[in-house]
S.K.: 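Please read through the structure below; I'll follow up with questions.
First listed ligand is number 1; within each ligand, the first listed atom is number 1. The first residue of the sequence shown is numbered 1, and numbering continues consecutively from there.
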Amino acid sequence: MKASLDRREATSSAPDCVVSGVFERGEKETAFPRNLAKEDAYVKGLLKAAWDHREIRGKYREVTVLHRPDGKGRLLLVGLGLRARFDAEAVRRATAQAVRALKAKGVRTVAVRLPAFVNEPVSSDAALRAVVDGVYLGGYEFLKYKNKTEGMVEETTIALGEELEREETVLKKALDEERTIAETVVWTREIANLPADTASPARLAEEAKNLGKEVGLKVTVFDEKQLAEMNCGGILAVGGGSNAHPPRLIVLEYAGGARRGKTVAVVGKGITFDSGGISIKPAPQMSYMKYDKSGAVAVLGILRAAALLKVPPRVVGVMACAENVPSGTSYRPGDLVRTYNGKVIEVLNTDAEGRVVLSDALAYAAAQYHPDEIIDLATLTGAETVALGDDTAGLVATDDKLAAGLLAASQATGEPIWRMPLTDYHRELVKSEFGDVRNSIEIPLAGMLTAAAFLENFVDGKPWAHLDIAGPAYTTITTRRYQPPYMSAGATAFGVRLVTRYLADSPRGS
Ligand code: BES
Ligand code: ZN
Ligand code: ZN
């Protein structure tokens, strides 16, 4: 996908299709909406005819395609839902729905009439950003392994027209920024979707190094020998079962765009495949565990966007990568593992491996970079999906300001997160009999929160926010039907837009 701005009307660029939107219409509403006059003129009155026949209801996911009588181009009108509930998310979904609907019709160039998507409370800036998200993410599919493909909309012109042409300069800046973010989400999905035979810890390290060269990041990779010297017993224990794909700790540094900016560490769980290990998972749905690296791959995306956008804070990305498989060299239930900060983990279930690799990564980030804030992303617990569903990430934070910043970024990006409590009760539950902390408890209670209580042992008291993305990190054949149309099948790259927004909005010099 390529998107660009055009100050003229949507019809001026002679696209394969003009895209516009319509609000949901009331039962008794008969008058043709005045703001659709241009659209109606473009298809020579056919839009009003369809409206009069009540074929256009304006409901979410509704798509109407009308051809011009001369055969030169078409109009797609997409439902925006109720005007009273209009927000940027409605625009994001509507435009994603539009490009998806046009795919099967062989349409390659579209022009979006931006004024149709600007309405209280959505500003022209917010509408533009939502359109960019919608067309890039809605148009994305993982096609690397497909021999036969249908093709996709390739070019989107976002047309300002007489209503918005005066805002061109400001909107151009918003376009540049949001395009970088949306392209980065697509780039992240491409890596997160790679299967586990390909996306090994070493391959993720290669991706990080290439990225570093491309956008100017310092990248350091620690292999299993160096991890042993560093006493990263957690990553080594989890990665020890895989003789084919040994573990890696990957560190990326972006120097920051502000002179006296804060340092934010962003840490990700990178289990390239989670079979459960010796505590092996049941066969159904195990294939989805190739997405158990989504947190670490999101870190890669966040660092890419941070460098390209030159966000104010200094950002350190840490990816804890390992493959969790059973073998003669696997770690076992009962093992006592000493980690980077000296604390000992009692392993009671080898399937609770995410927190074990994160122990070293969090402690390393805290000790080496003295971050002002630590944010981690991890597909950590099945309990997260039970509690919040597959669209929302769980947020556990030890700092209210950091939590508020992330919640604001969530509002702005439409990536839903929900804050959950962390109390002494959860801390008590993860105390270990033989070590300091145990990686699993006997009772199936508050699994997302006991996992967070475990992680807290490794952040050295720094302001910290944990995002459990087990639900929203990927869609399945079943859940995809209920997800917004900009969520492709497979990896979603959840967290990239959210955390990038948070970093980009961080004030300079604080
Ligand atoms: N990777 C899984 C969590 C997960 C489950 C992510 C479903 C996405 C979808 C994690 O490593 C895991 O297996 N967690 C266990 C922890 C338990 C053994 C304490 C779980 O949630 O069941
Ligand atoms: Zn697991
Ligand atoms: Zn896992």
S.K.: When you compare the side chain of Ser275 with that of Met289, does any pair of heavy atoms fall below 4.5 Å?
M.R.: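 SC-SC contact between Met289 and Ser275 ruled out.
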S.K.: Do ligand 1 and Glu353 have nitrogen or oxygen atoms that lie under 3.5 Å from each other?
M.R.: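 It does: an N or O of Glu353 is found under 3.5 Å from an N or O of ligand 1.
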S.K.: Counting only heavy atoms closer than 4.0 Å, does ligand 1 sit against the backbone of Tyr474, its side chain, both, or neither?
M.R.: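 The side chain, only.
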S.K.: Using distance alone, determine whether Asp292 and ligand 1 share an N or O pair under 3.5 Å.
M.R.: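 Asp292 vs ligand 1: N/O contact under 3.5 Å present.
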S.K.: Could you check atom 7 (C) of ligand 1 against the protein and tell me its nearest heavy-atom contact, residue, atom and distance included?
M.R.: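 I find the closest protein heavy atom is Met289 CE, 3.8 Å.
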S.K.: Within rounding of 10°, what is the angle whose vertex is the Zn ion (ligand 3) and whose arms end at NZ of Lys269 and OD2 of Asp292?
M.R.: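 The two atoms form an angle at the metal of about 100°.
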S.K.: Considering non-hydrogen atoms of the protein only, which is the closest contact for atom 17 (C) of ligand 1, and what is the distance?
M.R.: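 The closest one turns out to be Ala352 CB, 4.2 Å.
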S.K.: A cation-pi test, strictly: NZ or CZ of Arg497 under 6.0 Å from the centre of the six-membered ring of Tyr136 and no more than 45 degrees from its axis. Yes or no?
M.R.: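 That pair does not qualify as a cation-pi contact.
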S.K.: Are more than 12 heavy atoms from other residues, nucleotides or ligands located less than 6.0 Å from atom CD1 of Ile443?
M.R.: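 Buried by this count: over 12 neighbours within 6.0 Å.
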S.K.: Tell me which one of Asp351, Asp468, Thr450 gets a heavy atom nearest to atom 13 (O) of ligand 1.
M.R.: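 It is Asp351 whose heavy atom sits nearest to atom 13 (O) of ligand 1.
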S.K.: To the nearest 0.5 Å, what is the distance between NZ (Lys462) and OH (Tyr369)?
M.R.: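 Reported to 0.5 Å precision, the distance equals 14.0 Å.
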S.K.: Out of all atoms in ligand 1, which are within 4.0 Å of some heavy atom of Thr379? Include the element for each.
M.R.: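 Every atom of ligand 1 under 4.0 Å from some heavy atom of Thr379: 1 (N), 2 (C), 3 (C), 6 (C).
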S.K.: Is there side-chain contact between Phe222 and Val251, with heavy atoms separated by less than 4.5 Å?
M.R.: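 Yes, side chains in contact.
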S.K.: List every atom of ligand 1 that sits less than 4.0 Å from any heavy atom of Asn349, numbering the atoms from 1 in the order shown and giving each element.
M.R.: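 Within the 4.0 Å cut-off of Asn349, ligand 1 contributes 18 (C).
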S.K.: For atom 2 (C) of ligand 1, what is the nearest protein heavy atom, given as residue, atom name and distance?
M.R.: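 Going atom by atom, the protein heavy atom closest to atom 2 (C) of ligand 1 ends up being Asp274 OD2, 3.5 Å.
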S.K.: Give a yes/no verdict on whether any heavy atom in Gln285 is under 4.0 Å from an atom of ligand 1.
M.R.: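 Flag not set, Gln285 not near ligand 1.
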S.K.: Is any side-chain N of the basic residue among Arg92 and Glu89 closer than 4.0 Å to the acidic one's carboxylate O?
M.R.: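 So Arg92 pairs with Glu89 through a salt bridge.
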S.K.: Is Glu373 paired with Lys401 through a side-chain N to carboxylate O contact shorter than 4.0 Å?
M.R.: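 Salt bridge flag = no for Glu373 with Lys401.
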S.K.: Can you find a heavy atom in the side chain of Val459 that is under 4.5 Å from one in the side chain of Thr398?
M.R.: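 No, every pair of side-chain atoms sits at 4.5 Å or beyond.
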S.K.: Based purely on interatomic distance, does Asn439 place a nitrogen or oxygen under 3.5 Å from a nitrogen or oxygen of ligand 1?
M.R.: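 Min N/O separation from ligand 1 is not below 3.5 Å for Asn439.
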S.K.: Do Tyr60 and Arg85 come within less than 4.5 Å of each other through their side chains, counting heavy atoms only?
M.R.: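 No - every pair of side-chain heavy atoms lies 4.5 Å or more apart.
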S.K.: Please compare Gly382, Ser440, Ala473 and report which has the shortest non-hydrogen distance to atom 20 (C) of ligand 1.
M.R.: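 Ranked by closest heavy atom to atom 20 (C) of ligand 1, first place is Gly382.
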S.K.: Quick check for you: with the Zn ion (ligand 2) as the vertex, what angle do OE1 of Glu353 and OD1 of Asp351 span, to 10°?
M.R.: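 Glu353 OE1 and Asp351 OD1 form an angle of 120° at the Zn ion (ligand 2).
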S.K.: What distance separates Arg304 CZ from Glu214 CD, expressed to the nearest 0.5 Å?
M.R.: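 So the gap between those two atoms works out to 6.5 Å.
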S.K.: Counting only heavy atoms closer than 4.0 Å, does ligand 1 sit against the backbone of Lys293, its side chain, both, or neither?
M.R.: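 Neither part.
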S.K.: If hydrogens are left out, which of Asp390, Leu380, Thr476, Thr385 has an atom nearest to atom 10 (C) of ligand 1, that is, the closest non-hydrogen atom?
M.R.: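 The residue whose heavy atom sits nearest atom 10 (C) of ligand 1 is Leu380.
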S.K.: With the Zn ion (ligand 2) as the reference point, give the N/O/S atom of Asp274 that is nearest.
M.R.: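 Of all N, O or S atoms in Asp274, the Zn ion (ligand 2) lies closest to OD2.
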S.K.: Between ligand 1 and Arg355, is the shortest N or O to N or O distance under 3.5 Å?
M.R.: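 No - when backbone and side-chain N and O of Arg355 are compared with those of ligand 1, no distance drops under 3.5 Å.
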S.K.: If the threshold is 4.0 Å, N to carboxylate O, is there a salt bridge linking Glu442 and Arg438?
M.R.: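 Answer for the salt bridge query: yes.
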